[in-house]
Amino acid sequence: MNGGLPQGRIFLILWFAFLWCVLVYGLVIFILGMPEKPVPIDEISFLTVAAGFAALPHLIGSIYQLRKNLSLGFYIVKLAIAETGAIFALVMYILFGCRELSLKAVGICLLGIVFLFPSKYMKKREPDDPKRPPPIE
């Protein structure tokens, strides 16, 4: 990549952006005051949906054919799926005002994003460009 960012840095920037998105959803839930209404599903089902969204990228990545897939598009899809549980929690909070449940769901999704840290993507090294000047010391 001439003149561009190294591939590992792009993965790290994306991971950090999705992490902050989930944190902002949690902050909005924490600050925003919504009237409480009865939630149509019980607590276990609510948290199961959030945990399912947070765990789905890890289940998809465990399929053998996709385990070796280190493409940028696949990584963005995994992060977006992991973030979906936090969006679900935000929408449920806006609709029903269930702050504690929504914050728990955001916490679960935050863990899902944290476990998607791009360490294996950053290990993939590109060969050094011989035309690139040496670093300034």
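Owing to the predicted nature of the structure, the values given are computational and were not obtained by experimental measurement.
Residues Leu12 and Phe16 are not in side-chain contact: their nearest non-hydrogen atoms beyond the backbone lie 4.5 Å or more apart. Using a 4.5 Å heavy-atom cutoff, the side chains of Tyr25 and Glu83 are in contact.
Hydrophobic clustering of Ile, Leu, Val, Met, Phe, Trp and Tyr side chains at less than 4.5 Å, counting indirect connections, unites Leu14 with Leu116. Residues Phe115 and Val106 do not share a hydrophobic cluster, clusters being chains of Ile/Leu/Val/Met/Phe/Trp/Tyr side chains in contact below 4.5 Å. No chain of hydrophobic side-chain contacts below 4.5 Å, direct or via other Ile, Leu, Val, Met, Phe, Trp or Tyr residues, connects Phe117 to Leu111.
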Going by atom type alone, with no hydrogens or angles, which donor-acceptor pairs under 3.5 Å involve a side-chain atom of residues 44-51 and a protein atom two or more places apart or on another chain?
residue	atom	partner	partner atom	Å
Ser45	OG	Asp42	OD1	2.5
Thr48	OG1	Ile44	O	2.5

Scan the side chains in residues 53-61 for donor-acceptor partners under 3.5 Å anywhere in the protein, sequence neighbours excluded, and list what turns up.
residue	atom	partner	partner atom	Å
His58	NE2	Gly112	O	3.4

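In this structure, the side chain of Trp15 engages the main chain of Ile113 through a donor-acceptor pair within 3.5 Å. Judged by distance alone, the side chain of Arg99 and the main-chain N or O of Leu32 form a donor-acceptor pair under 3.5 Å. Not a single donor-acceptor pair under 3.5 Å links the side chain of Tyr93 to the backbone N or O of Glu100.
Nearest heavy-atom pair, Leu72 versus Gln7, reported as atom, atom and distance to 0.1 Å: CB-NE2, 4.2 Å. In terms of heavy atoms, Gly97 sits closest to Glu36 at O-CG, 3.1 Å. The two residues Ala86 and Cys109 make their nearest non-hydrogen contact at N-SG, 3.2 Å. Here the closest heavy-atom approach between residue Glu43 and residue Leu101 is recorded as CG-CD2, 3.1 Å.
The CG atom of Leu23 lies 13.5 Å from the CZ atom of Phe18; values are rounded to the nearest 0.5 Å. Here SG of Cys21 is found 11.5 Å from CG of Leu110. Values are rounded to the nearest 0.5 Å. To the nearest 0.5 Å, atoms CD1 (Ile108) and NZ (Lys104) are separated by 9.0 Å. Note: Trp20 CH2 to Leu27 CG = 9.0 Å, rounded to the nearest 0.5 Å. Atoms CD1 and CG, on Ile29 and Leu90 in that order, are 5.0 Å from each other to the nearest 0.5 Å. From Tyr75, atom OH reaches atom CD1 of Ile10 across 12.5 Å, with rounding to the nearest 0.5 Å.
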